[in-house]
Amino acid sequence: MAKEFTDDENDIHVWAETEDEVVENAHEELDAAGVEMDESAIREQIAVIPSPRRIKSGTDGVFDERRRRGGERTAQEVVESGMDVGLGTGSTTAWAVAEIGRLLRAGELEDVRGVATSLQSHELAKEVGIPLVNLDEVTELDVTIDGADQYSEEEPTVIKGGGGAHAREKIIDAMADRLVIATDEEKATDPLDYPVPVEVMPDAREVVAEDLRAVGGDPELRMAERKDGPLFTANGNLVIDCDFGGLDDTAGTARDIEKIPGVLEHGIFLDMVDDVYLGTSEDVETVSF
């Protein structure tokens, strides 16, 4: 994960992928501002933050102030000491994970355990000091904080799976007494129209694609970004992104997909959301169901 030095008093904020780089950059900014600070003091003010290299939205997405604000506020208001927490995936959720770690280190939270929905959230949680337990060690969670590719302000439903981890995400989200989506204002759409990720058995991809067309979808096999060929999930399956246009009957579309043999899971998280925390240009708003 990346590192960040913050000196609010002098309005200095620098980040880099390594702590040594941050120290060097911080020295330059402090010198330019005429502020004296030794290396040990700089290192004391360095925090772990999400790395743009490890999140698909890249630098612009990770450092979008709306996402940072939304993720941090979610952690501050939703997580309490003693909780078992599902740790979701995405740029906004990554800020929530980082903030939980900061609150633990500061002693503002105690005895919090996390269950990660993906390798991304697992690695970030380790780096910020959140104790982790495996999914098969728990049967319920107090809350899960997760992201979304698209959410509705009219119904407690989101579309997820842009990262290909929606099967594990759905299990962890469903285990929680409370599912909180941390996102930003741009991802609100009614009706939902984001292409639905569908995880399928590799040998069944053609027949599943035909069945998806038969129920009104336009399926496209997801290809890997940094290697030749299709993307494989952590479960060894393929992902078909299926465009249904506007989902006027979200529940009906979900049922249609679930009936298709060869489908392992889909990205419609139907009637699962309790609250949405969305970062805006100036604040954080909430939608509750």
Side-chain angles (χ1 to χ4, degrees), residues 1-83 85 87-114 116 119-132 145 147 180 182-184 277 279-284:
M1 296 294 108
K3 307 292 190 297
E4 180 183 55
F5 167 81
T6 301
D7 180 3
D8 289 328
E9 182 178 346
N10 297 291
D11 195 26
I12 296 173
H13 305 270
V14 297
W15 76 276
E17 291 292 337
T18 69
E19 186 167 318
D20 288 341
E21 288 178 293
V22 172
V23 171
E24 182 179 346
N25 295 342
H27 271 306
E28 292 178 0
E29 293 293 326
L30 290 164
D31 288 344
V35 179
E36 292 186 7
M37 187 178 295
D38 62 28
E39 182 173 321
S40 61
I42 291 174
R43 290 188 185 275
E44 287 178 0
Q45 292 176 225
I46 292 177
V48 179
I49 62 170
S51 170
R53 292 183 182 176
R54 303 190 194 182
I55 298 176
K56 66 176 184 175
S57 60
T59 302
D60 290 343
V62 172
F63 290 109
D64 185 319
E65 280 301 315
R66 296 170 303 174
R67 297 180 184 182
R68 179 171 189 163
R69 188 180 297 115
E72 290 178 343
R73 182 79 64 82
T74 304
Q76 293 161 3
E77 295 188 1
V78 166
V79 182
E80 299 177 3
S81 294
M83 280 187 168
V85 181
L87 305 174
T89 304
S91 53
T92 306
T93 311
W95 285 109
V97 174
E99 181 66 5
I100 294 169
R102 187 194 70 78
L103 294 169
L104 285 167
R105 293 192 303 276
E108 296 179 49
L109 286 177
E110 296 179 345
D111 301 322
V112 171
R113 302 190 304 174
L119 181 59
Q120 176 208 100
S121 55
H122 181 274
E123 292 302 302
L124 177 56
K126 280 204 315 183
E127 288 213 30
V128 300
I130 301 174
L132 291 166
I145 301 173
V180 179
T183 184
D184 64 79
Y277 274 65
T280 70
S281 57
E282 297 180 354
D283 200 359
V284 177

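Shown here for Ala182 and Thr74, the closest heavy-atom pair between the two residues is CB-OG1, 3.7 Å. When all heavy atoms are compared, the tightest approach of Gly70 to Tyr277 is O-CB, 4.5 Å. Minimum interatomic distance between Ala2 and Pro50 (heavy atoms only, all atoms of both residues): CB-O, 3.9 Å. Across every non-hydrogen atom of Leu132 and Ala125, the tightest pair is CD2-CB, 3.8 Å. What you find for Gln76 and Glu99 is that their closest heavy atoms are NE2-OE2, 3.0 Å. A pairwise comparison of heavy atoms in Phe5 and Ile46 identifies CB-CG1, 4.2 Å as the closest pair.
A donor-acceptor pair is defined here as one N or O able to donate and one able to accept, closer than 3.5 Å; no such pair exists between the side chain of Glu72 and the backbone of Trp95.
With sequence neighbours excluded, no residue satisfies side-chain hydrogen bond (donor to acceptor under 3.5 Å, both in side chains) with Thr92. The side-chain hydrogen bond (donor to acceptor under 3.5 Å, both in side chains) test applied to Glu29 returns no partner, not counting sequence neighbours. Scored by the side-chain hydrogen bond (donor to acceptor under 3.5 Å, both in side chains) test, Glu24 finds no partners at all (sequence neighbours excluded). Residues passing the side-chain hydrogen bond (donor to acceptor under 3.5 Å, both in side chains) test with Asp283, sequence neighbours excluded: Arg73.
The side-chain heavy atoms of Val48 and Leu124, taken from C-beta on, include a pair separated by under 4.5 Å. In this structure, Thr93 and Leu87 have side chains that are not in contact, with every pair of non-hydrogen atoms separated by 4.5 Å or more. A 4.5 Å side-chain heavy-atom check between Leu104 and Val128 finds every atom pair outside the cut-off. A heavy-atom distance below 4.5 Å is not found between the side chains of Val78 and Val85. Here the side chains of Ser91 and Asp184 are not in contact, with every heavy-atom distance at 4.5 Å or above. Between Val112 and Leu103, every side-chain heavy-atom pair lies at or beyond the 4.5 Å cut-off.
Classification of Glu4 and Arg102 as a salt-bridged pair fails, no side-chain N sitting under 4.0 Å from a carboxylate O.
Taking CD1 from Ile130 and NE2 from His122, the interatomic distance works out to 11.0 Å, rounded to the nearest 0.5 Å. Here the straight-line distance linking atom OG of Ser51 with atom CD of Glu127 works out to 9.0 Å at 0.5 Å rounding. Rounding to the nearest 0.5 angstrom, the gap separating the CG atom in Asp31 from the CD atom in Glu36 is 8.5 Å.
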Which pairs would a plain distance check flag for residues 37-45, meaning a side-chain donor or acceptor within less than 3.5 Å of a matching protein atom at least two apart in sequence or in another chain?
{"residue": "Asp38", "atom": "OD1", "partner": "Ser40", "partner atom": "N", "Å": "3.4"}
{"residue": "Asp38", "atom": "OD1", "partner": "Ser40", "partner atom": "OG", "Å": "2.9"}
{"residue": "Asp38", "atom": "OD1", "partner": "Ala41", "partner atom": "N", "Å": "2.8"}
{"residue": "Glu39", "atom": "OE2", "partner": "Arg43", "partner atom": "NE", "Å": "3.0"}
{"residue": "Glu39", "atom": "OE2", "partner": "Arg43", "partner atom": "NH2", "Å": "2.9"}
{"residue": "Arg43", "atom": "NH1", "partner": "Glu19", "partner atom": "OE2", "Å": "2.8"}
{"residue": "Arg43", "atom": "NH2", "partner": "Asp20", "partner atom": "OD1", "Å": "2.9"}
{"residue": "Gln45", "atom": "NE2", "partner": "Thr6", "partner atom": "O", "Å": "2.9"}

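Within the structure, every pair that satisfies the side-chain hydrogen bond (donor to acceptor under 3.5 Å, both in side chains) test and touches residues 103-113, not counting sequence neighbours, is listed here: Asp84-Arg113.
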